[in-house]
There are 2 protein chains.
Amino acid sequence: MSGPVKNNERTRIYDVAAAAGVSVATASRALNDTGRMTEETRERVKQVAAQLGFRPNAMARGLLGKRSFTIGLLTNDTYGRFTLPLMAGISEAPVDRGVSVFLCTIEDDAALAKVHVDALLDKQVDGIIASGRRVDRRLPVDLSNLSVPVVYAFTEGPDDSVTFVSDDAQGSREAVQWLVSRGRRRIVHITGPESFASVQVRARAYQAVIGEQAEIHHGQWSEARGHEVVARLWDGANTPPDGIFCGNDQIARGVVDALRERGVTVPDDVSVVGFDNWEIIAAATRPPLTSVDMNLRELGREAGLTVLALAEGKEVAPGIRCLPCQLVLRQSC
Amino acid sequence: MSGPVKNNERTRIYDVAAAAGVSVATASRALNDTGRMTEETRERVKQVAAQLGFRPNAMARGLLGKRSFTIGLLTNDTYGRFTLPLMAGISEAPVDRGVSVFLCTIEDDAALAKVHVDALLDKQVDGIIASGRRVDRRLPVDLSNLSVPVVYAFTEGPDDSVTFVSDDAQGSREAVQWLVSRGRRRIVHITGPESFASVQVRARAYQAVIGEQAEIHHGQWSEARGHEVVARLWDGANTPPDGIFCGNDQIARGVVDALRERGVTVPDDVSVVGFDNWEIIAAATRPPLTSVDMNLRELGREAGLTVLALAEGKEVAPGIRCLPCQLVLRQSC
DNA sequence: GCAAGATGAGCAAACGTTTTCTCAGCCAAA
DNA sequence: TTTGGCTGAGAAAACGTTTGCTCATCTTGC
């Protein structure tokens with residue numbers, strides 16, 4: 001008639017301790033590989049725990065004020081183009097350590113963002129990763145004075161934050177250099193609106209390789225825009241280009257389609273490279289698009305590892321980390 | 001020198017109670033709108049709490065064995081095509097009640113799935129939503145005897161489970177009927193492999209409208225497949241169709257492209273309808289695709305509300321719930 | 001004027017861990 | 001033998017809430 005006798009659903013550490021004939025304290029230490037005890041005792045406890053299928057209650061653990069084994073991912077990319085690869089990378093490392101990820105999609109809605117962030121803080125997340133669909137825009141919420149570490153991925157953070165972005169300059173350089181190496185001499189760049197930071201970075205990298213012959217066409221991020229520019233280039237007085245580096249895959253697909261319709265052969269007459277390596281577009285283009293992949297998954301992985309390190313109290317130098325892009329070769333050049 | 005004097009980061013309910021001049025118990029009851037007390041007391045406590053920016057610690061709450069205000073979303077759709085709209089819907093209602101969603105992407109990997117599910121159970125989630133990229137495939141993990149409620153969305157669950165799917169039959173019917181109402185007389189169906197349940201459902205609905213003149217072409221889910229079938233139809237001996245209902249938007253886009261290349265005008269000569277309403281494809285097609293939208297967000301919303309209801313102990317009758325699709329009109333018919 | 005019921009509010013237990021003390025036993029050095 | 005350090009292990013506090021129980025006070029009906 002003494003001691004807790006609850007026959008609840010889950011086995012608690014109390015049950016393990018009782019079964020192993022030790023105290024709760026010893027059981028806890030045995031399972032966490034801390035404290036001093038005979039190797040034999042430790043082993044016995046572990047075995048009993050495994051046998052009973054014991055899994056520690058994360059709530060109780062979290063209550064002690066230590067880790068909650070939980071991180072939050074904030075994003076305004078409801079479409080998922082960037083978020084899901086990122087997400088896959090983020091949870092890759094953490095899940096092995098028992099860490100789960102809260103995904104919060106706030107859609108440029110400051111109030112919604114606040115609700116989500118508050119909920120995350122209530123749940124004592126170990127850290128937050130902020131991510132967006134556009135590198136040069138901040139999320140509509142201030143994360144700078146939170147009690148938990150914050151890491152930015154694919155979105156702009158405050159100056160002293162840890163930020164992960166893809167190395168668009170390197171990716172663009174490789175793409176253009178690849179065109180050059182294929183013997184292309186007149187290479188133009190068709191890309192998005194000048195107001196995007198990534199547009200500027202990519203354009204500068206293109207310019208650095210091409211020099212003064214550089215020719216940049218800004219406009220919408222759409223297939224239609226690809227058609228438009230091709231029409232202008234081929235119907236104009238100047239010699240049309242033999243290489244086209246596009247700011248994203250949608251433009252590139254428009255370009256390739258427009259060229260095919262004009263009877264211009266890709267890649268024989270003109271080589272085309274896209275950016276984003278959006279499988280659904282790049283692979284369906286005829287011919288399939290060579291494109292720059294931003295390695296979002298890897299980016300997510302790094303961000304996940306970093307926020308975990310910060311949560312564990314490790315020091316991480318603030319600054320912007322550029323992760324390399326990779327040129328994915330297909331038949332368009 | 002008496003009582004807790006900790007000056008920690010977060011304000012606890014203890015601080016609120018002290019500031020309001022009541023006991024912790026009263027404070028708790030005041031904030032939760034339970035128990036008996038003067039309206040004046042309740043109001044005062046609430047006011048003090050608001051002033052101090054008090055937010056209850058979710059861990060402590062969860063430890064009491066009640067709700068954890070947390071649900072898990074399991075999916076094997078790493079690409080995000082289906083998951084993100086679903087996710088947006090799922091968290092819509094819950095977040096207002098302070099519920100956050102763990103997103104777990106398991107990629108047909110049973111071991112990974114188990115790791116994730118275990119992590120979710122450790123964290124005492126109130127419920128789990130299982131979702132997949134294919135309606136007729138089960139996730140590689142058994143969720144049937146969990147201690148928390150499970151709801152299936154866009155994936156197959158056990159017989160006695162609560163499952164949400166889109167009403168593909170109704171969507172297809174409306175699409176085909178729309179073609180008929182536009183005066184189309186010879187309508188064919190180009191769709192994916194026969195092994196997909198959704199392919200069968202959509203095909204049957206098509207057949208039910210068209211009758212014995214039905215003509216179904218099974219094959220890959222790709223743009224290339226659209227080209228292929230158009231070539232076969234227009235180069236064959238029979239009169240080509242004047243209406244085409246496609247099993248997904250990729251096929252539809254291939255069809256429209258192929259027709260344009262042959263000089264067949266869409267929608268004047270032939271009307272085309274797609275399925276999925278995948279914006280990136282449907283909107284970029286020339287002309288833009290009319291397509292069946294599965295209302296994934298709404299589906300997610302229902303699933304979220306249902307799992308919450310179950311978590312609160314409400315009874316929900318098992319069975320398959322079909323949510324209506326919606327025909328989104330664009331210029332392709 | 002008194003018993004009985006209603007009302008407002010506090011004490012303390014409970015949730016399942018981790019961790020700080022504390023302590024008994026043992027061994028070696030003096 | 002005594003002393004002191006080391007080792008293995010347990011008792012109990014702590015984390016921040018919620019809630020069952022208790023109790024004093026107030027109201028009401030006789």
Side-chain angles (χ1 to χ4, degrees), chain A residues 2-45 49 52-70 98 121-124 147, chain B residues 2-18 20-46 48-49 52-69 98 121-124 147:
Chain A
S2 71
V5 217
K6 286 253 195 78
N7 198 10
N8 264 351
E9 345 190 353
R10 276 187 87 117
T11 60
R12 300 151 304 156
I13 199 172
Y14 187 94
D15 306 320
V16 175
V22 296
S23 73
V24 206
T26 304
S28 170
R29 281 190 282 252
L31 295 173
N32 292 313
D33 278 326
T34 61
R36 297 177 310 213
M37 73 193 61
T38 342
E39 199 45 44
E40 188 264 323
T41 308
R42 198 183 292 282
E43 219 30 69
R44 180 161 40 94
V45 173
L52 264 55
F54 169 71
R55 311 224 72 210
N57 181 320
M59 294 277 155
R61 258 190 173 167
L63 188 50
L64 269 298
K66 301 291 175 188
R67 312 271 313 279
S68 69
F69 296 95
T70 278
L121 293 178
D122 289 352
K123 296 187 176 93
Q124 312 276 112
S147 50
Chain B
S2 72
V5 216
K6 286 252 195 78
N7 197 9
N8 265 352
E9 346 190 354
R10 277 187 86 121
T11 60
R12 300 151 304 155
I13 199 171
Y14 187 94
D15 305 320
V16 175
V22 296
S23 72
V24 203
T26 305
S28 170
R29 283 190 276 253
L31 296 173
N32 292 314
D33 279 326
T34 62
R36 298 179 309 215
M37 73 194 62
T38 344
E39 199 46 45
E40 187 264 324
T41 308
R42 200 184 290 281
E43 218 31 70
R44 180 159 42 92
V45 173
K46 281 186 177 175
V48 170
L52 265 54
F54 168 73
R55 312 223 71 211
N57 182 321
M59 294 277 156
R61 256 191 174 168
L63 188 51
L64 268 300
K66 302 288 175 188
R67 312 272 313 279
S68 69
F69 295 96
L121 293 178
D122 290 351
K123 296 189 175 89
Q124 314 276 114
S147 49

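All figures in this text were calculated on a predicted structure; none of them were measured in a lab. By convention in this document, chain letters (A, B, ...) are assigned in the order of the sequence lines, proteins followed by strands, and residues within each chain are numbered from 1.
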> Can you tell which of C/dT19, D/dT18, C/dG16 lies closest to the side chain of B/Ile13?
D/dT18
> Tell me what A/Arg61 touches on the nucleic acid: a base, only sugar-phosphate, or nothing, going by heavy atoms under 4.0 Å.
sugar-phosphate
> What are the two closest non-hydrogen atoms of B/Val22 and B/Ala27, and how far apart are they?
CG2-N, 4.1 Å
> Let me know the distance between CZ of B/Phe54 and P of D/dT18, rounded to the nearest Å.
7 Å
> Taking atom P of D/dA14 as reference, at what distance in whole Å does atom CG of B/Leu63 sit?
17 Å
> Closest heavy-atom contact between A/Ala49 and A/Leu31?
CB-CD2, 3.7 Å
> Regarding B/Ser28, tell me which of base, sugar-phosphate or nothing describes its non-hydrogen contacts under 4.0 Å with the strands shown.
base
> Rounded off to whole Å, could you give me the CZ-to-P distance for the A/Arg36 and D/dG5 pair?
14 Å
> Hey, does B/Thr34 reach any base, or is it just sugar-phosphate, or nothing, if we go heavy atoms under 4.0 Å?
nothing
> Within this structure, what is the CG-to-C1' distance between B/Asp122 and C/dT17, rounded to whole angstrom?
13 Å
> Are the side chains of A/Arg12 and A/Asn57 in touch, meaning some heavy atoms are under 4.5 Å apart?
no
> Can a side chain N or O of A/Ser23 be found less than 4.0 Å away from OP1 or OP2 on D/dG10?
yes
> With a 4.5 Å limit on heavy-atom distance, are the side chains of B/Arg10 and A/Ser147 in contact?
no
> How many whole angstroms separate atom CE of A/Met37 from atom P of C/dC23?
20 Å
> How many Å lie between CZ on A/Phe69 and C1' on C/dT17, as a whole number?
12 Å
> For D/dG10 and A/Thr26 - does any side-chain N or O of the residue sit under 4.0 Å from the phosphate oxygens OP1/OP2?
yes
> Which pair of heavy atoms, one from B/Ile13 and one from B/Phe54, lies closest together, and at what distance?
N-CE1, 3.2 Å
> Find which nucleotide of DNA chain C each of B/Glu40 and A/Pro56 is nearest to by heavy atoms, and output the residue with the more 5' nucleotide.
B/Glu40
> Roughly how many Å is it from CZ in B/Arg29 to C1' in D/dG16, rounded to a whole number?
16 Å
> Using atom CG of B/Leu64 as one end and atom P of C/dA14 as the other, report the distance to the nearest whole Å.
12 Å
> Starting the side chain at C-beta, find the nucleotide from D/dG16, D/dT19, D/dG10 nearest to B/Arg12.
D/dG16
